[in-house]
Amino acid sequence: MRILLVILPALTLAACAGYSERAEAPSDRASGRSSGLCEAEAVQEFVGRSVDDEIGETITRESGAAILRWGPPNSAWTMDYRTDRVNVRYDETMIITEITCG
């Protein structure tokens with residue numbers, strides 16, 4: 001009986017852990033597919049600029065990537081590497097801080 005009194009509250013708390021609302025971000029979308037291979041060096045000029053859908057489309061097109069992935073502040077990403085994806089991280093003020101491929 002004591003075990004139930006210890007385990008039940010822990011299970012209740014564990015059920016809530018890990019849930020969070022998705023950070024508001026520009027829409028995630030695949031754009032016009034060019035070569036499909038991402039070249040982050042070609043779009044480094046956009047670091048420091050404000051985030052919006054239009055700039056996302058431009059980064060995707062100019063990097064040659066087929067897929068755009070936005071990286072909101074304090075977010076975790078999968079570590080899978082995709083040669084056709086450009087990653088754009090931004091901060092709390094919606095300014096692009098990093099552009100990478102993968």
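In this chain, residues are counted from 1 in sequence order.
- Without hydrogens or angle criteria, S75 side chain to G71 main chain gives no donor-acceptor distance under 3.5 Å.
- Distance check: W70 CH2 to D53 CG gives 7.0 Å after rounding to the nearest 0.5 Å.
- Between A40 and I99 the shortest heavy-atom distance is CB-O, 3.8 Å.
- Screening residues 91-102 for salt bridge (Lys or Arg N to Asp or Glu O under 4.0 Å) gives R89-E98 as the qualifying pairs, with residues at least two apart or on separate chains.
- At least one side-chain heavy atom of R69 sits less than 4.5 Å from a side-chain heavy atom of T78.
- Residue T97 holds its OG1 atom at 15.0 Å from CZ of R49, rounded to the nearest 0.5 Å.
- The shortest distance between side-chain heavy atoms of D80 and R85 falls below 4.5 Å.
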task = May I have the step-by-step check of side chain to side chain contact (heavy atoms under 4.5 Å, CB included) for V88 and V43, ending in yes or no?
result = CA-CA 10 Å; V88 181; V43 291; over 6 Å; no
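- Residue I59 holds its CD1 atom at 11.0 Å from CG of N87, rounded to the nearest 0.5 Å.
- Screening residues 57-101 for disulfide (SG to SG under 2.5 Å), with sequence neighbours left out, gives C38-C101.
- Under the rule for a side chain to side chain contact (heavy atoms under 4.5 Å, CB included), the partners of S50 that lie at least two apart in sequence or sit in another chain are I95.
- The 12-atom threshold is exceeded at CD of E45, counting heavy atoms of other residues, nucleotides or ligands nearer than 6.0 Å.
- Taking OH from Y81 and CE from M79, the interatomic distance works out to 11.5 Å, rounded to the nearest 0.5 Å.
- Judged as a salt bridge (charged side-chain N to carboxylate O under 4.0 Å, His left out), and not counting sequence neighbours, the contacts of R82 are D84.
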